[in-house]
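Whatever order the structure lists ligands and atoms in, that order sets their numbers, starting from 1.
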Amino acid sequence: MPAIVIVGAQWGDEGKGKIVDLLAEHAGLVVRYGGGPNAGHTLVIGDERLVLRLVPSGVLHPHTTPLLGHGMVINLGSLLEELDALDKRGIDATRRLIIAEQAHVILPHHILLDGLRESAATGTKLGTTRRGVGPCYEDKTGRRGVRVGDLRHPEQLRMRVREALANATAMIESLGGTVPDAAAVLEELLVLAPRIVPMLGDVPARIEAALRKGERVMLEGAQGTMLDIDHGTYPYVTSSSATAGGACTGAGVGPTRIDRVLGITKAYTTRVGEGPFPTELHDADGERLRTIGHEYGSVTGRPRRTGWLDLPALRHARRVNGLDALTMTKLDVLRGFDTIPVCVAYETPDGRSDDAPPTSLAGVTPIYERRPGWSEDISGCRTLASLPRNVRAYLEFVEERTELSVDLVSVGPRREETIVVRDSWIRGERAG
Ligand code: GDP
Ligand code: IMO
Ligand code: MG
């Protein structure tokens, strides 16, 4: 059984959670490889809606082992709250979860700095989730971060906390904030340590062992390609490697062990926070997508910006992730439009471009082709053949222009509201 990567092909919130939950039925391990509580992955099971921020979306299947890779940044208090909430629902996550020792810890000064910068009168406002994710990665690459494994060694932990705070002091004060008290920060971490330390483990070794046993390993992306620190619309991005390559570094699995990469895209586009978004709508159509698609951020509740599908952006995602196929979600939301514009290329200052690099997205205008819409409710459809002709034509158009097959089609938030076009993504032996 191979390792597969599930990655967001747009600006996040593509429905990764729903798809990972669906595909995890036959998985042994489900690993988050990057990001932190900036993610919100929604699962709808029956009438229940569950939003996961740190715990991998395969957790609902009792036979899976959820892992948090060292590419993540973890707010330990939030993690324990999430685990407690799962345990209360009868999902025994605490005893199964494994956390990489090298994952970084989000500290109070990270959250403080994130908020101060976002609220500052000067500087680029990014519209972050204010969860301290960016500042935590800054301390990581600055080599002064606190790692979860440091909880094992209180003396070392104390030194690391002091060093990180000393470094942040001038910045916090210049923005008018009050530096958190090092002793209080340390005390809080030491209170959490007895619950966290037993969950620490060697994530790369667990993945290797699972692959050797023939178990399926799923690597669950957070955020999306266009929010990737290198491949996204910089500086309006998150601070981690959200693309498929991030799975290798963030989970500790070599590229030769990854078998396939599945990109998740909505049937249209959304974005939360600031930054370029060529196909964004500011009219009644955009409002309609927001209302029918319930496009409000699952972390911050902010209204998501909405727009039409952007094929140049998807082709960029195909390239930088090495996508093997697409899953298209929320196709049900497009019901009721007479025609559906799809962006096929950009008009740039240098002329028409089929594949503008994301750094230049700020100055581009989309070139649309209009596809015929449909009025039928497709949420009950479970086969391609049962879809109205114009829906199939929409899918075929996307396949042709992205040179990717759409292997799964999601027509509602529930696990079962899915058309499995190619079941090789689902098939597999259950972990024994
Ligand atoms: P993620 O961050 O990629 O896991 O996506 P989110 O959970 O943040 O946002 C996706 C939202 O769309 C969630 O509220 C899902 O329940 C919902 N959703 C997923 N797939 C579908 C679908 O096919 N149709 C509809 N109507 N909703 C969907
Ligand atoms: P999931 O995993 C959508 C966005 C924020 C902001 C930018 C930087 O649910 O798809 P950050 O707090 O990461 O420093 O914010 O990135 N962002 C997301 N947008 N879905 C996400 O995660 C996101 N995680 C971060 O809105 O624009
Ligand atoms: Mg989300």
(message) Tell me if the aromatic rings of Tyr236 and Trp11 count as close, with their centers under 6.0 Å from one another.
(response) no
(request) Determine, for Tyr296 and Arg304, whether the Lys NZ or Arg CZ falls below 6.0 Å from the six-membered ring centre while staying within 45 degrees of the axis. (result) no
(message) Which residue and atom name correspond to the protein heavy atom nearest atom 26 (N) of ligand 1, and how close is it?
(response) Asp332 OD2, 2.8 Å
(request) Note the single closest protein heavy atom to atom 3 (C) of ligand 2, along with its residue, its atom name and the distance in Å. (result) Asp13 OD2, 3.2 Å
(message) Return the closest protein heavy atom for atom 12 (O) of ligand 2 as residue, atom name and distance.
(response) Thr129 OG1, 2.6 Å
(request) List the closest protein heavy-atom neighbour of atom 4 (O) of ligand 1: residue, atom name, distance to the nearest 0.1 Å. (result) Gly17 N, 2.8 Å
(request) List the closest protein heavy-atom neighbour of atom 10 (C) of ligand 1: residue, atom name, distance to the nearest 0.1 Å. (result) Asp13 O, 3.7 Å
(message) Less than 6.0 angstrom from the centroid, inside 45 degrees of the normal: does Arg392 satisfy that with respect to the ring of Trp374?
(response) no
(message) Within ligand 1, which atoms have a heavy atom of Gly412 less than 4.0 Å away?
(response) 20 (N), 21 (C), 22 (C), 23 (O), 24 (N), 25 (C)
(message) Against ligand 2, does Arg131 come closer than 4.0 Å with any heavy atom?
(response) no
(request) Could you tell me whether ligand 2 has any atom less than 4.0 Å away from a heavy atom of Arg304? (result) no
(request) Note the single closest protein heavy atom to atom 7 (O) of ligand 1, along with its residue, its atom name and the distance in Å. (result) Thr42 OG1, 2.6 Å
(message) Does only the side chain of Thr300 get under 4.0 Å from ligand 2, or the backbone, or both, or neither? Count heavy atoms.
(response) neither
(request) Check each atom of ligand 1 against the heavy atoms of Ser298 and keep those under 4.0 Å away; list them by number with element. (result) 8 (O)
(request) Tell me which part of His41 gets within contact of ligand 2: side chain, backbone, both or neither, using heavy atoms under 4.0 Å. (result) side chain
(message) Can you check which of Asn38, Val272, Thr238, Leu227 brings a heavy atom nearest to atom 17 (N) of ligand 2?
(response) Leu227
(request) Cation-pi check, Arg271 to Phe277: give yes when NZ or CZ is under 6.0 Å from the six-membered ring centre and within 45° of the ring axis, no otherwise. (result) no
(request) Looking only at protein heavy atoms, identify the closest one to atom 6 (P) of ligand 1 and say how far it is in Å. (result) Gly40 O, 3.5 Å
(request) Answer with yes or no whether the side chains of Gln223 and Asp228 bring together a donor and an acceptor at under 3.5 Å. (result) no
(request) Would you mind reporting whether Leu107 and Val146 have side-chain heavy atoms less than 4.5 Å apart? (result) yes
(request) Kindly confirm whether the Mg ion (ligand 3) is within less than 2.8 Å of some N/O/S atom in Lys16? (result) no
(request) Record the part of Trp11 in heavy-atom contact with ligand 2 below 4.0 Å; permitted values are side chain, backbone, both and neither. (result) backbone
(request) For Arg271 and ligand 2, answer yes if some heavy atom of the residue is under 4.0 Å from a ligand atom, otherwise no. (result) no
(request) Please round to the nearest 0.5 Å and tell me the distance separating atom CZ of Arg414 and atom CZ of Arg49. (result) 11.5 Å
(request) Run the numbers for me: atoms of ligand 1, each under 4.0 Å from some heavy atom of Ser410, listed by number. (result) 20 (N), 21 (C), 22 (C), 23 (O)
(message) In this structure, does ligand 2 have an atom that sits under 4.0 Å from one of the heavy atoms of Gly40?
(response) yes
(message) Below 4.0 Å, non-hydrogen atoms only: which portion of Glu220 touches ligand 2? Side chain, backbone, both or neither.
(response) neither
(message) Which residue and atom name correspond to the protein heavy atom nearest atom 17 (C) of ligand 1, and how close is it?
(response) Lys330 NZ, 3.9 Å
(message) Return the closest protein heavy atom for atom 6 (C) of ligand 2 as residue, atom name and distance.
(response) Gly127 O, 3.1 Å
(request) Using distance alone, determine whether Arg304 and ligand 1 share an N or O pair under 3.5 Å. (result) yes
(message) For atom 8 (C) of ligand 2, what is the closest protein heavy atom, and at what distance to 0.1 Å?
(response) Val237 O, 3.5 Å
(message) Other residues, nucleotides and ligands only: do more than 12 of their heavy atoms fall within 6.0 Å of CZ on Arg257?
(response) no
(request) Considering only non-hydrogen protein atoms, determine which one is nearest to atom 15 (O) of ligand 2 and report residue, atom name and distance to 0.1 Å. (result) Thr128 CA, 3.3 Å
